[in-house]
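What follows is a single structure, written as structure tokens, with notes after it.
Convention: sequence-line order gives letters A, B, ...; per-chain numbering from 1. Note: hydrogens, waters and symmetry copies are ignored here, and every other heavy atom, side chains too, is used.
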Number of protein chains: 4
Amino acid sequence: MAGSVNKVILVGNLGRDPEVRSMQSGGRTVSFSVATSETWNDRTTGERKEKTQWHRVVIFNEKLGEIAEKYLRKGSKVYVEGQLETRKYTDKDGNERDITEVVIGRFKGDLTLLDSRGGGTAEFEDEGPAVQRGSAARTAPARQGGGWDSRRELDDDIPF
Amino acid sequence: MAGSVNKVILVGNLGRDPEVRSMQSGGRTVSFSVATSETWNDRTTGERKEKTQWHRVVIFNEKLGEIAEKYLRKGSKVYVEGQLETRKYTDKDGNERDITEVVIGRFKGDLTLLDSRGGGTAEFEDEGPAVQRGSAARTAPARQGGGWDSRRELDDDIPF
Amino acid sequence: MAGSVNKVILVGNLGRDPEVRSMQSGGRTVSFSVATSETWNDRTTGERKEKTQWHRVVIFNEKLGEIAEKYLRKGSKVYVEGQLETRKYTDKDGNERDITEVVIGRFKGDLTLLDSRGGGTAEFEDEGPAVQRGSAARTAPARQGGGWDSRRELDDDIPF
Amino acid sequence: MAGSVNKVILVGNLGRDPEVRSMQSGGRTVSFSVATSETWNDRTTGERKEKTQWHRVVIFNEKLGEIAEKYLRKGSKVYVEGQLETRKYTDKDGNERDITEVVIGRFKGDLTLLDSRGGGTAEFEDEGPAVQRGSAARTAPARQGGGWDSRRELDDDIPF
DNA sequence: TTTT
DNA sequence: TTTT
């Protein structure tokens, strides 16, 4: 749509180590879940309450995926900037269901490590992502293979 | 979780008029779907492609809900700032499913009309939302009724 | 710095037509000012008040610059996503001063037209910006000339 | 302006301890500078380059100010969400100058501590900011004194 | 300098 | 003035 914006910004911690999956196109995705939580004082009881939300993040960019795979672990704190995408999948009982994910695409999105143990950053900048740590070879976005809709080619039906 | 951020920013158009629903708590919610879309040139065919995403937006803030009800219509362009929330619901076949929504809560979020026909804005500012049009009475946030988790009390199981 | 984020999101109207300038490097920048405003009810008098802020936006990306030049005019409503940058300049009296701008860089940022008259969008996606209108030739980001710090080579000292 | 958005999101480190200042209205502001930086590989030399930006953050919300004063120190990593504001001030030579700041206002903005040493969060939610650490008394936003434009009453002319 |  |  002309003139639309679809942006999600999360700061939270990974619930588990990232998972790497292969697509039929040959590309890979790296995915993980990020927890965010709200805390508030209950209006009537005065109790402290907390509600945690889990967000499924999927990375389609090869370089950011490598960095996620290399540096993110269960418990890592990250800044994620991606797009909201809802897709269909077929569950184990053969029923079609929806799953909504935060997608860091091939040419859009951001991933920044916030852990003090060695924060790094990886974004779409300059002639390639600015990676502060690690020695991954630089690759210009435009030369990366795979199409934008390659995520439709995921090998499996179970989303997570 | 200490130190987390959960933010969604959308600019898009409503697919239908907003829907108003009552909660058992007596409060109301106003909800609607917003379309955003990406366009790109297919890498191999060179074709122009477009993918539309639909986002379910739910407003729990009374004042913003009133404004949405009053000024938003099918086709309206809006700026929405809310939080990602995934909740369970039971579908018509009795199966438990997940639905992810962009929630404009009682004390957090933003809604801005972008239509030239009379853009308005409604946010949590000053002593109440700054409403540029309409004559809705001002209500200080802290005096609004209902609790943060009142959305769990929705009257029905079908999410949209 | 490892793990940093610098992001500005604006929705507002242009005060004047965009200005195009040439850099010594041969590249061009397109810049314009965007107005945003807050309205609120004065706590004591109850009066409706409004405060307008002007934001200087500078585009270093050739394609987005072309689109801005082509489609943005005085009064146009836009969504801008850029980075905050403060730089020194020498004013007409020879004094060094600071100017803070919202920069849409070569490989980062977003510009979306929100006018009903023909909203368009132009972002860093896929193999080039997704331009919904106009016929500007597609150019892959990695092939664009000029360096990231080329903005230091602006031909003149007066920032706006 | 009807339908405008003015939002800055920063993740970075404080260059010094926060500074507390009193306003003639009796309120206080807490301010500090946050550094963000970009790194990239120079296109011609291949050298690793880095450019740091400093952002002036000013907090007008009493509760968030207290938290900043209590928990932020030189080197602390924070997530800041505020508004861009440019104001005039008179420098030591009597010249009028502009300074642009990221303002966390009375009813708008966010501050989240990202340090592993004990991340906390403080936002405008529910009946008061959700503070995960510290024992600051809760205060409902609507009961806080001072007006939105009280920042115009700053006691001094020198901005930082 | 915009817009409402 | 931070951080890596």
Expressed as a whole number of angstroms, how long is the span from [X]:[atom1] to [N]:[atom2]?
| X | N | atom1 | atom2 | value |
| --- | --- | --- | --- | --- |
| D/Glu50 | F/dT3 | CD | C1' | 8 Å |
| D/His55 | F/dT2 | NE2 | C1' | 11 Å |
| C/Arg48 | E/dT3 | CZ | P | 20 Å |
| C/Arg16 | E/dT1 | CZ | P | 7 Å |
| C/Lys51 | E/dT1 | NZ | P | 19 Å |
| D/Asn13 | F/dT2 | CG | C1' | 5 Å |
| C/Asn6 | F/dT2 | CG | C1' | 14 Å |
| D/Phe32 | F/dT2 | CZ | P | 16 Å |

**Message:** From the set F/dT1, E/dT2, E/dT1, return the single nucleotide nearest to any side-chain atom of C/Ser33.
**Reply:** E/dT1

**Asked** Could a donor-acceptor pair under 3.5 angstrom be found where the side chain of D/Thr52 meets the base of F/dT2?
**Response** yes

**Asked** Going through the distances and angles, do C/Ile99 and C/Arg87 end up as a side-chain contact (heavy atoms from CB on, under 4.5 Å)?
**Response** CA-CA 6 Å; C/Ile99 171 104; C/Arg87 62 180 173 87; 3.7 Å; yes

**Request:** Report the residues that fulfil side-chain hydrogen bond (donor to acceptor under 3.5 Å, both in side chains) with D/Glu47, sequence neighbours left out, ordered by chain and then residue number.
**Result:** D/Thr45

**Prompt:** Would you call C/Lys88 and C/Asp98 a salt bridge, taking side-chain N to carboxylate O under 4.0 Å as the test?
**Reply:** yes

**Prompt:** Is there ring stacking between D/Trp54 and F/dT1, where the centres must be under 5.5 angstrom apart and the planes under 30 degrees?
**Reply:** yes

**Fill in**
salt bridge (charged side-chain N to carboxylate O under 4.0 Å, His left out) filter on D/Arg16, not counting sequence neighbours, yields none

